[in-house]
Enquirer: 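Take a look at this one; I'll ask things after.
Lettering follows sequence order; numbering is per chain, from 1. Since this is a predicted model, take the numbers as computed values, not measurements.
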2 protein chains.
Amino acid sequence: MTAKSMTRAAFFVLTALADQPRHGYGILREVAELSDGEVQLRVGTLYGVLDRLTADGLIVLDREEVQQGRLRRYYRLTDDGVAALDAEAERMAAGAGAAKRRIAEGRRAGAPARPAARPAGLEPPTAPGLAGGLA
Amino acid sequence: MTAKSMTRAAFFVLTALADQPRHGYGILREVAELSDGEVQLRVGTLYGVLDRLTADGLIVLDREEVQQGRLRRYYRLTDDGVAALDAEAERMAAGAGAAKRRIAEGRRAGAPARPAARPAGLEPPTAPGLAGGLA
DNA sequence: CCAGGATATATCGGCTGCCGATATATATCG
DNA sequence: CGATATATATCGGCAGCCGATATATCCTGG
């Protein structure tokens with residue numbers, strides 16, 4: 001289960017659509033805003049992602065409007081889309097947490113006085129204890 | 001600053017190395033473990049990532065051991081590697097949080113009784129209030 | 001004793017996916 | 001009238017992930 005992780009671009013598109021339906025260009029602006037300008041989703045990327053997400057049933061065309069002579073094609077999350085986004089957010093949070101925790105562990109072990117580490121270590125510690133094993 | 005986001009594979013390799021130096025095959029096992037079996041980093045992916053991370057100065061070859069006739073090449077995070085991993089974890093946590101928040105917003109607005117959504121809506125909502133704006 | 005699996009390294013071709021460039025069209029502002 | 005913003009869409013190149021494959025050693029089971 002859990003399927004596999006989506007691409008970064010897909011994640012941000014889904015996130016931009018999470019609160020309300022938006023059209024392509026609006027998604028572009030919204031992604032930039034919600035990421036505080038850090039993520040710049042490109043036009044060349046957008047439509048491919050939109051097509052893929054539609055094919056995967058995570059979004060659907062909500063409606064089309066003509067605003068000031070310009071076509072606006074609004075997309076909306078499906079229930080599957082919400083679920084997929086939620087699952088991905090969970091995975092990201094878990095990954096971020098794991099990284100943070102491990103960095104702290106590494107700091108504790110490796111930061112103070114490295115004891116030269118043995119020049120050409122050839123001793124067989126054999127059982128370092130890692131490789132837990134409740135696979 | 002902040003550079004751009006690293007790939008998912010790179011993130012997991014750095015995370016696996018965050019607590020202690022490990023060799024390639026060990027990284028493979030560790031990534032599977034720390035992700036609770038959800039992430040399966042492939043052998044064909046690993047060495048490319050290792051080379052790229054080394055070229056980028058995020059990891060370095062720590063030492064080489066011969067264990068039971070088999071070579072083990074241990075890699076270790078550099079200070080830049082720790083910083084990059086930390087920054088990426090931050091970005092992921094932020095993204096996950098944003099997604100979660102927006103899903104909640106969408107639920108509040110769209111979950112109960114969808115009122116047919118107006119056939120050919122032409123009204124300009126104009127100022128939904130998002131658009132944070134300290135860019 | 002030998003086959004198979006785990007350990008451990010490495011390479012390559014193919015496919016997916018992101019991005020820059022480009023194209024088209026309208027409205028607005030200087 | 002040209003530049004900019006809005007809004008759509010396509011295409012070619014390049015980066016990166018994965019399956020397959022190769023090599024080599026050690027251990028376990030039949």
Enquirer: Look at Glu88(A) together with Arg91(A) and state whether they make a salt bridge at an N to O cut-off of under 4.0 Å.
Expert: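 The answer is yes: the pair qualifies as a salt bridge.
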Enquirer: To the nearest angstrom, how far is Glu65(B) atom CD from dT7(C) atom P?
Expert: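 So the CD-P distance, Glu65(B) to dT7(C), works out to 17 Å.
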Enquirer: Using a strict cut-off of less than 4.0 Å between a Lys/Arg side-chain nitrogen and an Asp/Glu carboxylate oxygen, indicate whether Glu65(A) and Arg73(A) qualify as a salt bridge.
Expert: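 So Glu65(A) does not pair with Arg73(A) through a salt bridge.
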Enquirer: Pick the closest DNA chain C nucleotide for Ala9(A) and for Gln68(A) by heavy atoms, then say which residue is nearer the 5' end.
Expert: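 Per heavy-atom nearest nucleotide, the more 5' residue is Ala9(A).
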Enquirer: Please say yes or no: joined through hydrophobic side-chain contacts below 4.5 Å, possibly via intermediate residues, are Leu14(A) and Leu46(A) part of one cluster?
Expert: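 Per the 4.5 Å side-chain linkage, Leu14(A) and Leu46(A) are co-clustered.
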Enquirer: Would you mind classifying the nucleic acid contact of Gly48(B) as base, sugar-phosphate or nothing, using non-hydrogen atoms under 4.0 angstrom?
Expert: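 Gly48(B): no heavy atom of the nucleic acid under 4.0 Å.
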Enquirer: Atom CG of Leu41(B) and atom C1' of dG19(D): how far apart are they, to the nearest Å?
Expert: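 So the two atoms are 14 Å apart, to the nearest Å.
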Enquirer: Can you see if the side chain of Arg29(B) gets near the phosphate of dA8(C) - specifically, an N or O under 4.0 Å from OP1 or OP2?
Expert: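 For Arg29(B), the contact criterion (side-chain N or O under 4.0 Å from OP1 or OP2 of dA8(C)) is met.
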Enquirer: Paired with dT25(D): which nucleotide, if any, by Watson-Crick or G-U wobble criteria at under 3.5 Å for both distances?
Expert: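 Per the H-bond distance test, dA6(C).
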Enquirer: Could you state the CD-C1' distance from Glu64(B) to dA10(C), rounded to the nearest angstrom?
Expert: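 Whole-Å distance recorded here is 14 Å.
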Enquirer: Between Arg42(B) and dG19(D), is there a side-chain N or O to OP1/OP2 distance below 4.0 Å?
Expert: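 Checking Arg42(B) against dG19(D): at least one side-chain N or O falls below 4.0 Å of OP1 or OP2.
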Enquirer: Send over the distance from Gln67(B) CD to dT9(C) C1', rounded to a whole Å.
Expert: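 Atom-to-atom, Gln67(B) to dT9(C), this comes out as 15 Å.
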Enquirer: Could you tell me the separation between the OH atom of Tyr47(A) and the P atom of dT24(C), rounded to a whole number of Å?
Expert: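 Rounded to the whole Å, the gap is 16 Å.
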Enquirer: To the nearest angstrom, how far is Glu30(B) atom CD from dA8(C) atom P?
Expert: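 Rounding to the nearest Å, CD of Glu30(B) and P of dA8(C) are 13 Å apart.
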Enquirer: Which atoms form the tightest heavy-atom contact between Ser35(B) and Ala32(B), and what is the distance?
Expert: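 Heavy atoms of Ser35(B) and Ala32(B) come nearest at OG-O, 3.3 Å.
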Enquirer: Distance check needed: dA22(D) P versus Arg70(B) CZ, whole Å only.
Expert: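 Computing the Arg70(B):CZ to dA22(D):P distance gives 21 Å.
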Enquirer: Who does dG30(C) pair with, Watson-Crick or G-U, both distances under 3.5 Å?
Expert: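 Here dG30(C) is engaged in a pair, and the nucleotide opposite it is dC1(D).
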Enquirer: Between dT9(C), dA9(D), dC19(C), spot the one nearest the side chain of Val43(B), thanks.
Expert: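 Shortest atom-to-atom distance from the side chain points to dT9(C).
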Enquirer: Distance check: side-chain N/O of Arg73(A) vs OP1/OP2 of dT6(D), anything under 4.0 Å?
Expert: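 Checking dT6(D) against Arg73(A), no side-chain N or O comes under 4.0 Å of OP1 or OP2.
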Enquirer: Would you call Glu105(B)-Arg107(B) a salt bridge at under 4.0 Å N-O?
Expert: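 Salt bridge flag = no for Arg107(B) with Glu105(B).
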Enquirer: Does Arg52(B) make a side-chain N or O approach to OP1 or OP2 of dG16(D) shorter than 4.0 Å?
Expert: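 Yes, because at least one side-chain N or O of Arg52(B) sits under 4.0 Å from OP1 or OP2 of dG16(D).
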Enquirer: Need to verify one output field. Residue with the more 5' nearest nucleotide on DNA chain D, Thr7(B) or Asp51(A)?
Expert: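 Result of the comparison: Asp51(A).
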Enquirer: Starting from P on dG16(D), measure out to CZ on Phe11(B) and report it in whole angstrom.
Expert: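 Rounding to the nearest Å, CZ of Phe11(B) and P of dG16(D) are 18 Å apart.
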